[in-house]
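Worksheet: the structure to be examined is printed underneath.
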Amino acid sequence: MAILTRPARTDRRPVEPAGAPPAAPRSSSPTTVLAAALLAFFVISLDGSVVNVALPAISHSLGGTMADLQWIVDGYTLMFAAFMLSAGTFSDRIGASRAYAWGLASFTVASLACGIAPNLGTLIGARMVQGGAAALMVPASLALIRQTYTDPGKRARAIAIWTAAGSVAVAVGPVIGGMLTSGLSWRAVFYLNLPVGALGLALLTRITPSPRRSAPVDLVGQLSVVASLAGLTYAVIEGGRAGWTSVDVLGTLALAAVAIAVFVVTQSRREQPMVPLSIFKNRTVLVCLAAGFTINAVFYGAIFLLGMYFQQVRGASPVSTGAMFIPMCALISIVNMAGVKLAARKGAWVPMTIGQLVMTAGSLLMLTVTSSTSYWIPVLLLVPIGLGGGFAVPSLTAAILENVDGERAGTAAAVLNTFRQVGSCIAVAAFGALIADTSHFKQGMDTSFVISVVMLLATAVATAVFLPRLTNRSAENANTKA
């Protein structure tokens, strides 16, 4: 995704100074704004999971190896994660409504390019553009909600609905992908975004343009993030095919390490860094980032593994494979809201811990699945993995936003979303490498779920041990200041 320059001013409203609170677009209908924001997050989240079921059909149509299929998924996630950090700044710079429009238009055009792609290279490239556009849309849609809903209670409910829409999209993605792939073609998976994009842009015409705010764009920081994530993803994917000691893998790992070092150095020296490094001194933030990374890695990794298992090992059709995810889909949005209510009574750490432990149980039981296991066993075992993630994520987001200074809330949210997307990207890369040899699919899948169990136990313990004390301490400090 290219770094866009600021467009010429077409109105006479002054640019707001850095740090100034955004003015609410008073004439915008809250319902219209929420509908537009929901559409954006729904279609973004849908594209993160809808393609998984279509991968074997894409391979049959365009050819390619397991590594090529991984890039179809990770090309999207990689650019989504890489541009998330600066997307909020860019949204502030041109105004949230304009950023939303640019992102949605780019996403829609890229979806068309995916649908008509004549080869894997074109498809992967268009997926990367989709991911970059998606990164711009997420902070813009959240900013529109924050600007419109000035009452904290109504804003919290709107954000909860926004989050639930994303969770539902992630859950129903495999079902929709299977139905479209079997009934029409894998290309229909991408054509689905065209009417959604048109509707979103139509809604946008009814929303008052958002104010702009002076915000510097950190080009060096952005490029170093892209280089580090791309190098790490490439190394993990290619390591399973070329070997972990190959020159290409070691070289890209070295590139990733250098890029990370450049990012840290540049951020420590800038007056207005893209990511203030001091944010990582907050242990609540660290726990939430680790939990977010792990939850996404396990959830998306499981969808990827089971999508390949049902089709490559069990010979199921795409529509049958999509149907396997229906039990998880039917319940995930319900526990989303249940987690929010429990967090309001007991604290965010409670649903976060419970959710991760439920995911742990589901991942552990997945080790019993073999090539002759009844179809219903892995279908049912997917349920706790999906429900645990749905139960934990809203509270995870609330916890990190409540434990940073108000002026850094946007940055904290961007960092959290980046870590979550990196978790998804690395999981697909690593788990795909483990199952690349189809003759050892069971061994690779078991190793993947063992890794999931270890990660979940570590972050669940960290959440239960550190988050209650840190949250209570924050509340005490707030009461003292008051």
Side-chain angles (χ1 to χ4, degrees), residues 45-46 48-57 69 73 164 166-183 186 189 295-336 338 354-393 424 427-428 431-432 434-435 438 441-453 456:
S45 302
L46 184 71
S49 62
V50 71
V51 178
N52 283 281
V53 175
L55 290 177
L69 299 182
V73 177
S167 299
V168 171
V170 170
V172 302
V175 181
I176 295 175
M179 293 174 63
L180 290 175
T181 302
S182 291
W186 63 265
V189 168
I295 290 171
N296 262 44
V298 174
F299 182 81
Y300 282 96
I303 290 178
F304 177 79
L305 287 170
L306 269 296
M308 301 303 289
Y309 165 82
F310 286 131
Q311 294 186 72
Q312 291 196 341
V313 176
R314 305 303 299 269
S317 66
V319 69
S320 297
T321 299
M324 304 295 181
F325 294 91
I326 289 178
M328 178 181 70
C329 301
L331 298 172
I332 194 168
S333 59
I334 298 175
V335 298
N336 238 199
I354 292 174
Q356 290 176 88
L357 291 178
V358 171
M359 292 183 78
T360 302
S363 299
L364 190 60
L365 290 172
M366 278 291 184
L367 298 176
T368 64
V369 174
T370 68
S371 60
S372 59
T373 301
S374 170
Y375 272 111
W376 288 107
I377 300 300
V379 169
L380 293 177
L381 294 182
L382 268 173
V383 172
I385 294 177
L387 293 190
F391 197 65
V393 167
S424 306
V428 171
F431 295 175
L434 290 170
I435 63 170
T438 55
F441 191 98
K442 164 64 175 171
Q443 180 181 346
M445 189 168 75
D446 284 352
T447 302
S448 300
F449 280 115
V450 168
I451 293 172
S452 298
V453 167
L456 284 166

Derivation and outcome, side chain to side chain contact (heavy atoms under 4.5 Å, CB included), residues Met445 and Val313: CA-CA 11 Å; Met445 189 168 75; Val313 176; over 6 Å; no
Set of side chain to side chain donor-acceptor pair (under 3.5 Å) partners for Thr373, sequence neighbours left out: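 By the side chain to side chain donor-acceptor pair (under 3.5 Å) rule, Thr373 matches Thr370.
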Provide the closest heavy-atom pair for [X] versus [Y] in the form atom of the first, atom of the second, distance.
X: Pro384; Y: Gly362; result: CG-CA, 3.8 Å
X: Pro378; Y: Ser374; result: CD-O, 3.1 Å
X: Val298; Y: Ser452; result: CG2-CB, 3.7 Å
X: Gly444; Y: Ile435; result: C-CG2, 3.8 Å
X: Ala297; Y: Phe431; result: O-CE1, 4.2 Å

For [X], all residues meeting side chain to side chain contact (heavy atoms under 4.5 Å, CB included), sequence neighbours excluded:
X: Thr181; answer: Ala54, Ala57, Trp186, Val189, Pro318
X: Leu367; answer: Leu364, Asp446, Phe449, Val450
X: Val383; answer: Pro327, Leu331, Leu387
X: Leu365; answer: Leu381

Can you find a pair of side-chain heavy atoms, one from Ile385 and one from Met366, that are under 4.5 Å apart? yes
From [X] atom [atom1] to [Y] atom [atom2], the distance as rounded to the nearest 0.5 Å:
X: Ser363; Y: Leu382; atom1: OG; atom2: CG; result: 9.5 Å
X: Tyr300; Y: Ser424; atom1: OH; atom2: OG; result: 5.5 Å
X: Ile295; Y: Met359; atom1: CD1; atom2: CE; result: 6.0 Å

Does anything in residues 301-311 form a side chain to side chain donor-acceptor pair (under 3.5 Å)? List the pairs, not counting sequence neighbours.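 Every pair satisfying side chain to side chain donor-acceptor pair (under 3.5 Å) with a residue in residues 301-311: Tyr309-Arg314.
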In sequence, state the C-alpha distance, the side-chain angles, and the governing distance for Phe391 and Ile354, and then conclude on side chain to side chain contact (heavy atoms under 4.5 Å, CB included). CA-CA 8 Å; Phe391 197 65; Ile354 292 174; 4.0 Å; yes
